[in-house]
Amino acid sequence: MKKLFTYFGILLSAVLLAGAVTACNPREIEDSAEGGLGIKTFFPTKVVAGTPMTINGSGLSDVSEIVFPDGITVTNFQKVGGEMLRVIAPSGISAEGGKLIVRTAEDQAESDLSLALGETVISGYSKQDGEEINGGDQLTIFGRDLEFICRVELLDTDGNPLILEDEDFYRKGTSSVIFTIPKTTIYDGTFVGKVYTFDGKEFSLPELIYIPGSEGGGHWETQETIIWENDDPEGHGAVSWSGTYRFAAEGHSSGEEIYTVPADIWERMKTETFYLTVSATDPQIRVTTGWWSGSWADKDFQPGNDERLVDNGDGTWTLAISLFDPAYTDLIDEQHLLFTGDRFTPLKIYLSEEIWVDGGGHWETVKTSIWKTDG
């Protein structure tokens with residue numbers, strides 16, 4: 001009888017283990033779902049009218065309509081193969097948010113994720129009315145949902161509008177936006193600049209005294225702030241469906257993490273785009289919480305399924321990660337940030353930004369290391 005129970009226990013364990021492996025392998029789950037019309041994910045998950053969006057899924061080549069919350073239907077969008085749609089978020093989206101729907105002539109599919117509606121609120125600036133600011137200095141905007149700021153309007157030397165687009169901002173996040181005052185092309189005097197959002201909102205900057213910088217030469221440099229760098233790729237090994245590459249915020253260490261991120265850098269990772277570079281030929285990258293309670297973008301990133309994953313052409317890939325959503329960043333505070341998936345080895349995590357350097361020069365990459373193990 002004892003042997004019978006032992007055999008039964010072994011058999012039951014094997015069955016449960018097989019079931020767990022099957023259930024935890026997202027590649028198998030995704031493969032089984034491919035083929036028909038469906039929305040796998042979309043980005044961003046919070047928008048205002050005018051926000052550029054990307055929808056990823058399957059069977060999208062025949063889609064004729066995208067329906068936003070409150071029944072707002074859009075027929076003007078771009079198709080990229082059968083797995084991606086690019087669309088501009090329309091006006092009239094329900095304040096309560098809701099699901100996205102894609103429709104063909106014969107079918108429709110609804111997203112698992114809900115779309116939320118943002119609202120930009122500016123609460124202050126790093127300089128106040130009457131203060132001076134020099135060409136080359138930076139001005140910070142504080143508030144909520146600031147990722148929807150799309151441009152700043154200043155004045156050039158002749159008093160004409162001088163437009164700074166958001167891709168030229170020094171830093172852009174949900175709670176702060178930093179832009180650099182043009183060094184020599186800024187108006188010499190006092191004026192009130194303007195801030196615009198995707199949905200057409202207009203805000204006034206403080207009335208500042210602008211002073212152009214010197215005519216001396218200079219150049220922009222791409223500065224990488226290295227958050228973590230893999231000191232032993234062979235030793236740590238490739239990812240698996242486990243917790244090797246787990247990162248915790250300072251103050252939330254459990255001893256399981258490969259690295260504890262300083263609090264100030266962690267906060268930047270929650271509000272700015274940061275980057276993960278991996279060694280791989282065909283990576284399947286999942287960005288999730290340490291407790292597996294939710295993955296960022298609700299998807300696995302693989303070649304060709306999302307523009308945020310870029311082939312560097314040297315055997316490495318880089319994924320641009322924009323967590324931003326407070327509901328998700330609150331989770332990773334407590335549950336850690338985990339990189340898992342298949343067929344890749346993380347090499348480094350870093351922030352990237354453009355800085356102006358006085359003097360003649362050239363384009364180059366400047367790396368500021370935050371941490372690297374001694375082995």
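Since the model is a prediction, treat every value here as computed from it, not as a measurement. Numbering starts at 1 and runs along the sequence shown.
- In this structure a side-chain-to-backbone donor-acceptor pair under 3.5 Å is missing from Lys299 to Asn56.
- Put simply, the side chain of Ser123 gets close to the backbone of Phe142: a donor and an acceptor are under 3.5 Å apart.
- Remark: the backbone N or O of Glu119 is not paired with any side-chain donor or acceptor of Lys201 at under 3.5 angstrom.
- Not one N or O on the side chain of Asn134 forms a donor-acceptor pair closer than 3.5 Å with the backbone of Gly213.
- Heavy-atom minimum distance, Pro161 versus Asp156: O-OD2, 4.5 Å.
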Candidate pair Tyr350 and Thr277, rule side-chain contact (heavy atoms from CB on, under 4.5 Å), full reasoning:
CA-CA 8 Å; Tyr350 64 96; Thr277 295; 3.5 Å; yes
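- Thr197 OG1 to Glu202 CD: the interatomic distance, rounded to the nearest 0.5 Å, is 9.5 Å.
- Counting only distance, with no hydrogens or angles, the side chain of Lys270 and the backbone of Ile332 share no donor-acceptor pair below 3.5 Å.
- The closest donor-acceptor contact from the side chain of Glu250 to the backbone of Ala263 lies under 3.5 Å.
- Judged by distance alone, with hydrogens and angles left aside, the side-chain atoms of Glu83 form no donor-acceptor pair with the main-chain N or O of Val80 at under 3.5 Å.
- In plain terms, the two heavy atoms of Thr345 and Ala238 that are nearest each other are OG1-CA, 3.3 Å.
- Paired with Lys172 under the rule side chain to side chain contact (heavy atoms under 4.5 Å, CB included), one option of Ile141, Thr273, Thr271, Asp166 passes, and it is Asp166.
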Quick one: do Leu338 and Trp292 satisfy side-chain contact (heavy atoms from CB on, under 4.5 Å)? Show the steps, please.
CA-CA 8 Å; Leu338 176 63; Trp292 291 78; 3.7 Å; yes
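- Electrostatic pairing of Glu224 and Lys348 counts as a salt bridge here, judged by a charged N lying under 4.0 Å from a carboxylate O.
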Let's go through Leu139 and Leu205 carefully: what are the C-alpha distance in whole Å and the side-chain angles of both, what is the deciding distance for side-chain contact (heavy atoms from CB on, under 4.5 Å) to 0.1 Å, and is it a yes or a no?
CA-CA 10 Å; Leu139 183 64; Leu205 291 170; 4.0 Å; yes
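- Counting only distance, with no hydrogens or angles, the side chain of Trp317 and the backbone of Ala280 share a donor-acceptor pair below 3.5 Å.
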side-chain contact (heavy atoms from CB on, under 4.5 Å) assessment of Asp306 paired with Leu319
CA-CA 9 Å; Asp306 196 290; Leu319 176 64; 5.8 Å; no
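- In this structure, Phe247 has its ring center closer than 6.0 angstrom to the ring center of Trp228.
- Proximity of a side-chain donor or acceptor of Thr73 to a complementary backbone N or O of Phe68 within less than 3.5 Å is not detected.
- With hydrogens and angles ignored, the 3.5 Å screen pairs a side-chain donor or acceptor of Trp296 with a backbone N or O of Ser322.
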